[in-house]
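Letters go in sequence order (proteins before strands), and every chain restarts at 1. Computed from heavy atoms alone, side chains included, the values below leave out hydrogens, waters and symmetry copies.
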There are 2 protein chains.
Amino acid sequence: MSENCKLSNNERLVLDVLGRETGPMSAYMILDKLRGSGFRAPLQVYRALEKLIGMGRVHRLESLNAFIACSHMSCEKIGVAAFVICERCEHVQEVCDDSVSLFLAGLAEKTNFKASKTSIELRGVCDACEKA
Amino acid sequence: MSENCKLSNNERLVLDVLGRETGPMSAYMILDKLRGSGFRAPLQVYRALEKLIGMGRVHRLESLNAFIACSHMSCEKIGVAAFVICERCEHVQEVCDDSVSLFLAGLAEKTNFKASKTSIELRGVCDACEKA
DNA sequence: ATAGATATGTTATAACATAACAATAAACGT
DNA sequence: ACGTTTATTGTTATGTTATAACATATCTAT
Ligand SMILES: [Zn+2]
Ligand SMILES: [Zn+2]
Ligand SMILES: [Zn+2]
Ligand SMILES: [Zn+2]
């Protein structure tokens, strides 16, 4: 938590871009948004993303190859979250309650597995889009 | 289920390659295995994979950009499976029990979401590797 | 036969991600 | 302040994953 506060310049820039956007962004979308701030190569984005993900301030959506700012300012239990992704409106809801961590703990126990990273993603249609 | 039996030539070839391998394979690994059978382009693999996934006979591992044959000969409830992936030995265990479908159903209900596709993946170290 | 549907082949290109190396800048003990 | 270490940034090139667009062939039903 002490380390979470100090972001490098590039990390700050990337996190700000993700924070302004409501939906997920690919690394290359982020790069394009930051060309005005001097970014020129994908690696600048990927390096910042790696750090931010390590801090729990950004999550990677595996099924989209995209990234999104943590909706909790920073996940305490890093990696224990589920993402509900609407394919119509691109809205992503992050769910981090006990049911998620209990399910994952149960699954790990049942398979005698030590999980270091987890990914739960649901793709479909959100309530708002379904009604519209 | 009636459609599941009739595979096209290319689908058969791709499924056989995946069936012979114990671990996950990328599309390009599959392509290389099938050059001897006349495959020349990635699209031949991707098209077959798309169909096989639709039939539930192959699963895509989002966190690996790789594919694996269904360990059940064909998942009845397509897409409702969890994958436990060892990063040391590459072994993948497919879990399809009620706890998985109940968890997903609960999550969907809680978020008023209609899920059409789901992905649950745990990355870490399996029991065998941990002991070794 | 022939029309429509399905499957396949081919080339090119888009989209996503990392390797390798060079240069700077910040942190730290002396 | 000083040199040493560590972290950060910049740059070029390349590797990896996936699809678009178009051409051809095969199958199926009438
Ligand atoms: Zn979070
Ligand atoms: Zn929606
Ligand atoms: Zn399966
Ligand atoms: Zn293992």
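- Counting atom types as modelled, A:Y28 pairs no side-chain N or O with a base atom of C:dA14 as donor and acceptor under 3.5 Å.
- For the pair A:S8 and D:dA7, the criterion of a side-chain N or O lying under 4.0 Å from OP1 or OP2 is not met.
- Considering only side-chain N and O atoms, B:K51 lies under 4.0 angstrom from the phosphate OP1 or OP2 of C:dA7.
- Proximity of the aromatic rings of B:F83 and B:H59 is defined here by a centroid distance below 6.0 angstrom, and this criterion is met.
- Summarising the geometry, the separation between CG on B:L43 and C1' on D:dA21 is reported as 10 Å, rounded to the nearest angstrom.
- Contact check on B:R12 versus B:D16 returns a salt bridge, with a Lys/Arg side-chain nitrogen under 4.0 Å from an Asp/Glu carboxylate oxygen.
- The side chain of A:S26 contributes no N or O atom lying less than 4.0 Å from OP1 or OP2 of C:dA15.
- Nearest-nucleotide positions on DNA chain C for B:Q44 and B:N65 put B:Q44 closer to the 5' end.
- One can place CD of B:E11 at 13 Å from P of C:dT6, the figure rounded to the nearest angstrom.
- Residue-environment remark: NZ (A:K110) exceeds the threshold of 12 foreign heavy atoms within 6.0 Å.
- OP1 or OP2 of D:dG10 lies within a sub-4.0 Å distance of a side-chain N or O belonging to A:N10.
- A salt bridge links B:E62 with B:K117: the closest approach of a Lys/Arg side-chain nitrogen to an acidic carboxylate oxygen falls below 4.0 angstrom.
- Atom pair A:L64:CG and C:dA17:C1' shows a separation of 16 Å (rounding to whole Å applied).
- Residue-to-nucleotide proximity on DNA chain D shows that, of B:Y46 and A:N9, the 5′-proximal contact is made by A:N9.
- Note: NZ (B:K6) to C1' (C:dT6) measures 11 Å, nearest angstrom.
- Using a 4.0 Å cut-off, some side-chain N or O of A:R60 falls inside it from OP1 or OP2 of C:dA17.
- When the nearest nucleotides of DNA chain C are assigned to B:R40 and A:A27 by heavy-atom distance, the more 5′-ward of the two goes with B:R40.
- Straight-line distance from the CG atom of A:L52 to the C1' atom of D:dT8: 14 Å, rounded to whole Å.
- Taking atom CE of B:M25 as the reference point, atom C1' of D:dT16 lies 15 Å away to the nearest angstrom.
- Atom CZ of B:R123 and atom CZ of A:F113 lie 8.5 Å apart (nearest 0.5 Å).
- Contact annotation: A:R12 does not reach the phosphate of D:dT9 (side-chain N/O to OP1 or OP2, under 4.0 Å).
- At the heavy-atom level, A:R47 lies under 4.0 Å from base atoms of the strands shown.
- Computed from coordinates, the A:R35 CZ to D:dT11 P distance equals 12 Å when rounded to whole Å.
- Remark: P of C:dC16 and CG of A:L31 are 12 Å apart, rounded to the nearest angstrom.
- Residue contacts for B:A41: at a heavy-atom cut-off of 4.0 Å it reaches a base atom on one of the strands shown.
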